[in-house]
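I have placed the structure first, in the form of structure tokens, so that the comments after it can refer back to it.
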Amino acid sequence: MKVLGIESSCDETSVGVVEDGKKLLSNVVASSVDLHAQYGGVVPEIAARSHIEAIIPVIQEALDKAGCTWDDIDAIAVTQGAGLNGSLLIGVLAARTLAVVKNKPLFAVNHVEGHIYVNFLTETTLEGYKMVGKQPEFPMLGVIVSGGHSQLVLWRDHFDYTLLGQTHDDAIGEAFDKVAKIIGMPYPGGINVSRKAEEGNPKAFHLPKAKMAGKYDFSFSGLKTAVLRLAQEQVGKDYSLPSLELPGLLNDGQKADIAASFQRVACETIVDKVLMAYEEFSPRSVVIGGGVAANSELRRQLAERLPSPVEYPDLKLCGDNGAMIATLGCFKAELAQAKADAYSLSIQPNLSM
Ligand code: KG4
Ligand code: ZN
């Protein structure tokens with residue numbers, strides 16, 4: 001069973017081909033990140049236009065790299081949501097058209113579930129990918145840490161899960177991106193804050209952890225505001241100093257210490273709850289997905305505090321990619337999940353778990 005997966009929810013146009021939900025045959029990513037950098041964040045109209053330009057060549061390259069023609073592809077999977085309207089539309093319309101023209105079954109995939117399912121990939125024919133040792137087992141605790149989501153989800157089996165908790169405001173990746181702006185790190189913020197943090201002292205500053213009514217819920221907006229106040233205080237100003245002026249007044253050491261202290265607390269916030277869920281539900285596997293899964297401090301804290309090891313996707317599979325959509329598509333096809341109607345499938349920008 002070979003499935004071609006199409007992902008276009010944000011600024012990456014990506015297509016992957018996966019066999020039997022475990023073997024990665026190709027994963028092609030075209031990102032418009034450079035076009036957004038000058039604006040300090042993703043501009044939806046630019047993202048949508050870039051998808052239009054990239055989608056057909058990326059699909060063809062993914063087929064070529066997998067050594068496949070359309071005859072070898074058993075099904076098409078596509079991200080239906082969550083994501084940006086214009087971006088999702090391009091992927092979904094391409095998938096619908098191909099499903100009709102090539103006469104293939106079509107499966108609609110939840111982007112966030114895809115981030116977790118990439119952990120089922122254990123083999124590849126591609127160079128430069130480090131695959132997880134074995135497929136996760138159920139019950140499986142899924143930790144989703146991306147730019148749009150921070151969620152803890154307990155899977156009892158495929159397609160049988162409970163959302164334990166989620167963020168009430170900013171996602172952890174969003175908090176990294178906002179802190180990047182406060183201390184003047186270039187876009188994309190998360191990776192640059194984590195690089196700066198390597199030069200700093202993670203215990204330099206005390207920053208608060210939000211206390212939530214829901215046991216497994218998160219909040220990161222208070223932490224982000226605390227970072228802003230800390231930065232203002234460090235340069236001897238009060239809250240009335242516009243955040244835009246901060247990067248020019250902070251020195252390198254202050255920036256590094258703020259980045260390191262923020263990163264430590266943000267990661268601790270996630271790991272505290274992962275540990276609580278681990279103790280309550282005794283999962284056989286703990287898996288992580290989403291852009292922040294690439295963060296080395298998060299990985300370090302999880303390794304240090306969780307009693308059993310966590311397997312991580314290859315760094316190239318942490319961010320948005322078509323392979324994760326194809327992987328979940330394989331399970332949907334193999335386990336006889338409902339097919340999407342290629343003539344009517346619509347996008348769901350606010351799709352939740
Ligand atoms: O999963 P993803 O590619 O897109 C969404 O579905 O949101 O996640 C992107 C997020 C961004 O907020 C980015 O800043 C963050 O992941 N990110 C990181 C790192 N790499 C990406 N955050 C912290 N440390 C990193 N190394
Ligand atoms: Zn994502």
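Counting convention: from 1, in listed order, for ligands and their atoms alike. In this chain, numbering begins with 1 at the start of the sequence shown.
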Is it true that a side-chain atom of Lys104 and a backbone atom of Trp70 form a donor plus acceptor pair closer than 3.5 Å?
-> yes
Quick one: does ligand 1 sit under 4.0 Å from the side chain of Glu12, the backbone, both or neither, non-hydrogen atoms only?
-> neither
Does any N, O or S atom of Cys10, backbone or side chain, fall under 2.8 Å from the Zn ion (ligand 2)?
-> no
Structural part of Asp320 in contact with ligand 1, heavy atom criterion under 4.0 angstrom | both
Going by distance only, is there an N or O of Gly173 that falls short of 3.5 Å from an N or O of ligand 1?
-> yes
Between His168 and Phe220, ring centroids under 6.0 Å = no
What angle, in degrees and rounded to 10°, do you get at the Zn ion (ligand 2) when you join it to NE2 of His111 and to NE2 of His115?
-> 100°
Atom of Asp320 nearest the Zn ion (ligand 2) (restricted to N/O/S, atom name only) | OD1
May I ask whether His149 places a heavy atom under 4.0 Å from ligand 1?
-> no
Chi angles and distances behind the side chain to side chain contact (heavy atoms under 4.5 Å, CB included) call for Val100, Leu106 = CA-CA 9 Å; Val100 173; Leu106 177 65; over 6 Å; no
Nearest non-hydrogen protein atom to atom 23 (C) of ligand 1, with distance, is Asn295 ND2, 3.5 Å
Using a strict cut-off of 4.0 Å, indicate which atoms of ligand 1 neighbour a heavy atom of Gly147.
-> 5 (C), 7 (O), 8 (O), 9 (C), 10 (C), 12 (O)
By number and element, which atoms of ligand 1 are closer than 4.0 Å to a non-hydrogen atom of His115?
-> 1 (O), 6 (O)
Under 6.0 Å between the ring centres of Phe120 and His158?
-> yes
Check the pair Trp155, Ser285 against side chain to side chain contact (heavy atoms under 4.5 Å, CB included), reporting the backbone distance first and the verdict last.
-> CA-CA 10 Å; Trp155 267 265; Ser285 296; over 6 Å; no
Protein contact of atom 18 (C) of ligand 1 - nearest heavy atom, named by residue and atom, plus distance | Gly190 CA, 3.7 Å
Going by heavy atoms, is Cys10 under 4.0 Å from ligand 1?
-> no
Give yes or no for whether the N/O distance cutoff of 3.5 Å, strictly under, is met between Gly319 and ligand 1.
-> no
Among Ala294, Gly291, Ala293, closest by any non-hydrogen atom to atom 1 (O) of ligand 1 = Gly291
Atom 15 (C) of ligand 1 sits nearest the protein heavy atom Val292 CG2, 3.9 Å
